[in-house]
Protein chains: 2
Amino acid sequence: MSELGTKEKILNAAEHLFARDGFHNASLRIITEEAGVNLAAVNYHFNSKESLLHAVIERRLLPLNQIRRERLEQVRDEAVKKGEKPRARDVMKAFLEPTLRFRDSEPGAKDLIALMGRAVSEPDDTIRSAFFKLVWPLFMLLYEVLSQALPELPENVFFWRLIFSMGAMNFIMQIPQIKFPENQKFINIIDETDTDSLIEMITGYVTSGLEGS
Amino acid sequence: MSELGTKEKILNAAEHLFARDGFHNASLRIITEEAGVNLAAVNYHFNSKESLLHAVIERRLLPLNQIRRERLEQVRDEAVKKGEKPRARDVMKAFLEPTLRFRDSEPGAKDLIALMGRAVSEPDDTIRSAFFKLVWPLFMLLYEVLSQALPELPENVFFWRLIFSMGAMNFIMQIPQIKFPENQKFINIIDETDTDSLIEMITGYVTSGLEGS
DNA sequence: GTCTATAGATTGATAGAC
DNA sequence: GTCTATCAATCTATAGAC
């Protein structure tokens, strides 16, 4: 059992508190208290609160994006090899499955995924940009491969259906964090749904929506 | 051209700035400056910043919810009268159409809709609760009528598909506010999509997803 | 009702001893 | 690298004159 360094202790506490309370509500005093380190350590190791946020994001998002990119390229390349177009279902699953499995892989991952879901609509430019900078190239790849799967759709219809799908995905990324009003039935359903089932349900849902009526 | 009262000037400025900058980032100083009134006027007319938020929300959300409730009850009652089950498409359109038409009805409505979209995942308990308190009864009605339309689905599958649909709807409520990275093609598609087309597309998308494969 | 002035609390960041 | 102490800026809310 190796001791965590100060830097890592701060990253873990910040990840947790940024996700739970939001970037602005999580003060450096609370973060360093939870981490069990001195207040001044943040600025020594990370220069600023904003740089700390960047470090929190990149630590987990860079490896995750690498996996999602490989999966998407694999779907694209296999279709080319067979001389067919990729299937929308395979494309969406290549994006969704690593995301949801990653969420369950480590305790902090759930926090980062929730934080990411909220960052898309974050009003603060610096926070939102920090996420888009890392996510946008992957979104463009998804756009490219998925449009190969659905070549018959007019571009504006295709665009909007992808936006709707991103909305559905983005929402479930935040679900574990959202505190719904008391309703035990709903809470039970959420708790009792395993990752495999959720992947199957969301993939099926967005595929139906994308391929349309 | 009647002069706006101080109260209304504050409500309009707060609605705009809460939506643009977020509740915590929109300070009372900036709000009263944009409204052209004195800083102390907020606490005189609304007691606190939090009460101001409540007033901003209720001003527009109560009338909108009344319309959505009537539309949903109408779909339910007409199905009962005919001795049939309601159609999922009609149910979702009864919810979606008033929401998106309302968004285009007045300048401030777009701000409130965006604010509402973000409030669902707001970490601050008091802000999130302010919205859920007003929206939850309507959500329960939607749940009831839509489950009549899709009685063959297992409840957990039904629940998740509705959640995915709420995610898609929630996302497009925020779209006008989200600043995507520069990509003129996407910005053009968003700008050139009229409300009628968007209603048609999102209704079709969620209906396909809900009815499933 | 509207204003000025300020209280009282909290924040991110930093200087400087060890 | 870690600590204490503190600065400078910000915020909401309020007291009290007009």
Side-chain angles (χ1 to χ4, degrees), chain A residues 2-59 115 118-119 122-130, chain B residues 2-59 115 118-119 122-130:
Chain A
S2 69
E3 278 293 313
L4 292 179
T6 299
K7 245 179 124 158
E8 209 163 359
K9 283 195 273 190
I10 294 172
L11 284 171
N12 290 341
E15 179 174 68
H16 175 224
L17 293 168
F18 285 162
R20 196 192 66 183
D21 302 334
F23 179 72
H24 286 290
N25 294 48
S27 73
L28 293 181
R29 278 172 180 77
I30 298 176
I31 291 170
T32 50
E33 191 182 346
E34 171 161 321
V37 303
N38 188 271
L39 170 62
V42 170
N43 280 285
Y44 178 79
H45 287 286
F46 298 97
N47 292 323
S48 71
K49 188 182 180 184
E50 197 180 309
S51 299
L52 171 59
L53 175 67
H54 282 66
V56 166
I57 298 166
E58 290 183 2
R59 178 172 63 150
L115 184 58
R118 211 162 46 215
E122 172 64 46
D124 189 306
D125 270 344
T126 65
I127 302 177
R128 198 185 51 252
S129 305
Chain B
S2 70
E3 278 294 313
L4 292 180
T6 299
K7 244 178 124 158
E8 209 164 359
K9 282 196 273 190
I10 294 171
L11 283 172
N12 290 341
E15 180 174 66
H16 175 223
L17 293 168
F18 285 163
R20 196 192 65 182
D21 301 334
F23 178 72
H24 286 288
N25 294 48
S27 73
L28 293 181
R29 277 175 180 75
I30 299 176
I31 291 170
T32 50
E33 192 183 345
E34 170 159 324
V37 303
N38 188 270
L39 169 63
V42 170
N43 281 285
Y44 178 79
H45 287 287
F46 297 97
N47 292 323
S48 72
K49 187 182 180 183
E50 198 179 309
S51 300
L52 171 59
L53 175 67
H54 282 67
V56 165
I57 299 167
E58 291 183 2
R59 177 173 64 150
L115 184 58
R118 212 163 43 214
E122 172 65 45
D124 189 305
D125 270 345
T126 65
I127 302 177
R128 199 184 51 251
S129 305

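Naming convention: chains lettered A, B, ... in sequence-line order (proteins, then strands); numbering from 1 in each chain.
- At D/dG1, none of the side-chain N or O atoms of A/Thr6 fall inside 4.0 Å of OP1 or OP2 (strictly under the cut-off).
- Here B/Asn38 reaches the OP1 or OP2 of C/dT4: one of its side-chain N or O atoms lies under 4.0 Å away.
- No more than 12 heavy atoms of other residues, nucleotides or ligands sit less than 6.0 Å from atom NZ of B/Lys7.
- Here the P atom of nucleotide D/dT10 and the CD atom of B/Glu33 are 13 Å apart, to the nearest Å.
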Considering only nitrogen or oxygen atoms on both sides, find all protein atoms under 3.5 Å from nucleotides 11-14 of chain C and state each distance.
residue, atom, partner, partner atom, Å
C/dG12, OP1, A/Lys49, NZ, 2.7
C/dG12, OP2, A/Leu28, N, 2.9
C/dG12, N7, A/Arg29, NH1, 3.1
C/dG12, O6, A/Arg29, NH2, 3.1
C/dA13, OP2, A/Lys49, N, 3.0

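- A distance of 9.5 Å separates CG in A/Leu52 from CD1 in A/Ile57, rounded to the nearest 0.5 Å.
- A heavy-atom distance below 4.5 Å is not found between the side chains of A/Phe46 and A/Leu53.
- Distance B/Phe46 CZ to C/dT2 P: 11 Å, rounded to the nearest Å.
- Applying the side-chain hydrogen bond (donor to acceptor under 3.5 Å, both in side chains) test to pairs two or more places apart or on separate chains, those with a residue in residues 27-43 of chain A are A/His16-A/Glu34.
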Practice item. Walk me through it: do A/Val42 and A/His45 pass the test side chain to side chain contact (heavy atoms under 4.5 Å, CB included)? Key: CA-CA 5 Å; A/Val42 170; A/His45 287 286; over 6 Å; no
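- Both cation-pi conditions hold for B/Lys49 and B/Phe23: the charged atom is under 6.0 angstrom from the six-membered ring centre and inside a 45 degree cone around its axis.
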